[in-house]
Amino acid sequence: MSDPDPQFDSVADRLAAEALIVDVDGFEGPLDLLLTLSRTQKVDLRQISVLALARQYLAFVEQAKALRIELAADYLVMAAWLAFLKSRLLLPPDPSDQGPSGDDLAAHLAFQLERLAAMRDCAAKLMARDRLGRDFFARGESEGMRRVRRVKYTATLLDLMQGYARIRTRDDFRPFVMDRTDVMTLEEALERMRGLIGYAGEWTDLLSYLPEGWGGDPKRRRSATASHFAASLELVKAGRIHLRQDDTFAPIQIRARDPHDV
Amino acid sequence: MSEREETGTGSLFAAPGMPEQERMVEAILFASSEPVTVADLNARMPHGCDAAAALLLLRDRYRGRGVQVVRVGEAWAMRTAPDLGFLMQKETVELRKLSRAAIETLAIAAYHQPVTRAEIEEIRGVSVSRGTIDQLLELEWIRIGRRRMTPGRPVTFVVTQTFLDHFGLESARDLPGLKELRAAGLLENRPPPEAADDNRPDEDTQGGLFDDTPQQEDET
Amino acid sequence: MSEREETGTGSLFAAPGMPEQERMVEAILFASSEPVTVADLNARMPHGCDAAAALLLLRDRYRGRGVQVVRVGEAWAMRTAPDLGFLMQKETVELRKLSRAAIETLAIAAYHQPVTRAEIEEIRGVSVSRGTIDQLLELEWIRIGRRRMTPGRPVTFVVTQTFLDHFGLESARDLPGLKELRAAGLLENRPPPEAADDNRPDEDTQGGLFDDTPQQEDET
């Protein structure tokens with residue numbers, strides 16, 4: 001750094017700068033720090049010397065480094081940007097350069113600082129206003145509105161008829177288990193066949209074992225057939241009977257197994 | 001608090017004028033969540049104030065206005081004028097579907113009127129709560145009819161003109177019969193119960209527990 | 001609602017006289033701790049009433065009193081006169097202490113509304129934590145406004161009626177120093193100079209939305 005650091009001219013300034021360093025955690029980012037630094041220039045933010053400010057900031061960062069204070073990345077990014085801005089402001093403009101001029105950049109930074117300062121000022125003014133619940137008050141007794149909730153019940157003719165239908169058909173309805181008049185369970189069939197199987201010395205059609213009243217109605221016959229077939233399989237497994245079928249879809253025949261069979 | 005003791009001997013600061021005291025009482029009464037006593041007003045106002053006098057002025061000022069200064073026991077409060085109470089109600093009408101119990105009770109009353117409560121319970125297979133009947137009476141959909149000339153002389157219920165109006169019926173006789181309900185698909189088409197099953201009166205009460213399973217979706 | 005149309009030609013029931021309407025507005029405002037809109041007043045008063053006119057009369061009547069009729073955005077409320085706050089220690093509610101970040105974010109939202117989170121961050125130069133925004137939303141001092149019609153369609157924040165009520169502002173236009181800030185160009189969304197080289201005119205439209213911010217509040 002070839003430039004002399006103007007802000008360290010006086011002891012007071014040096015102390016202020018050091019205070020800043022110690023306080024670095026108290027800043028809300030680089031912009032906040034810049035705004036604080038700009039106060040040391042004691043001028044209207046519109047006439048602020050961005051160049052001087054950049055120097056102050058860079059000096060601050062150098063100081064922080066010297067004191068081995070870890071600076072967050074955004075502080076370092078700002079430092080790099082300000083170093084770039086400083087060079088732009090100091091060097092004569094390069095006509096071939098595409099980017100914005102140093103003055104434009106400086107003007108924008110000044111604008112940002114002024115805007116932030118203005119918002120802080122507004123925030124303070126806002127908070128200093130007469131405030132509800134502190135300086136002026138709403139009605140204390142919350143008489144408010146009586147909310148009269150009038151409940152209007154509705155029902156349609158359809159609801160009514162469905163309701164009635166529900167009651168009148170209730171007698172037709174039986175709980176599920178009671179309703180299975182057309183179903184014969186495996187247990188029932190097994191129970192039946194165990195009793196009958198002793199009489200089946202010869203091959204007999206399985207269907208002839210169906211109980212009375214279960215052979216006519218197709219629904220009942222299906223159920224009874226299925227349960228008797230399943231029951232016969234159980235009996236085969238138990239070694240009580242033999243089972244045979246001559247051909248596909250041919251009648252299934254059973255015969256009791258002779259206890260002396262091998 | 002130390003200055004307060006000086007009031008007896010004469011305060012350094014003159015008390016504010018009566019109009020200002022009236023303003024103070026006004027603000028305190030307005031902002032206070034409870035009625036405020038004169039003693040309390042005096043304690044909160046600057047030394048030398050006469051809250052009682054200011055209160056009377058304030059009460060006169062509000063005479064005939066939409067808000068009044070009223071005495072509540074030993075304390076004072078501001079209240080809206082009683083004649084404007086109707087403005088303080090915000091009526092919200094909430095449509096609610098009648099409960100299943102109420103609909104069924106109503107249906108039985110309509111189809112079987114005049115009907116006693118015991119009869120309704122018999123038909124529904126469950127007891128009918130007092131609240132259900134009350135609700136229907138309150139809606140003016142049923143009313144109490146003649147007493148039945150049977151032991152205990154129970155009251156009967158009949159449907160009202162309001163009921164007929166609500167459901168768009170000329171008379172209760174216009175209610176569709178069971179056959180029509182079935183034709184309209186409102187009754188489940190179950191095969192009629194077998195003759196053998198008919199003599200199961202004990203199962204009916206059980207049926208009450210199971211009754212409405214198939215239509216359960218209606219209420220949701 | 002059909003009767004309302006008849007008021008043009010002359011309703012069967014004449015609207016109450018202005019003094020009576022004033023009483024009604026007085027009673028409604030008094031009873032409600034929240035500000036009440038003119039539309040709400042008209043809805044609650046009898047047909048043919050002119051709440052807006054009655055309100056102005058009422059405001060004049062309360063001028064200089066201990067209680068005032070104040071405008072809060074599009075609504076109206078009765079509030080104690082701020083100069084009497086010293087009497088109200090008893091009523092004072094503990095105001096939650098807001099962090100500096102929250103206070104600044106609130107101010108930015110108020111002066112720059114509708115404002116996106118990215119814009120708040122740009123103005124403050126630091127990222128805004130979720131909790132800060134949440135706190136202001138919870139206090140109902142800001143609310144979510146329209147989405148910005150820019151890439152990503154970010155949500156914007158605007159201040160609320162509760163905000164205006166709390167800070168005793170008639171409208172967002174009455175924010176202290178607003179005119180000066182606008183004149184100084186400090187409410188503009190000025191893009192950094194790099195943007196100028198990139199030929200991104202679309203970003204300028206963003207600035208356009210930003211300009212008429214304070215009027216935006218009218219829509220609520």
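None of these values were measured; they are calculated from a predicted model. By convention in this document, chain letters (A, B, ...) are assigned in the order of the sequence lines, proteins followed by strands, and residues within each chain are numbered from 1.
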For A:Lys219, I'd like to know if atom NZ has over 12 heavy atoms of other residues, nucleotides or ligands within 6.0 Å. no
Honestly, the part of B:Ile103 sitting under 4.5 Å from a heavy atom of chain A is both
Notebook entry, point to check: CD of A:Glu191: more than 12 outside heavy atoms within 6.0 angstrom?
Noted result: no
### Query
Parallel, tilted or perpendicular for A:Tyr164 and B:His112, by the 30°/60° rule?
tilted
Heavy-atom nearest pair, A:Arg139 first then B:Phe30, reads N-CE2, 3.3 Å
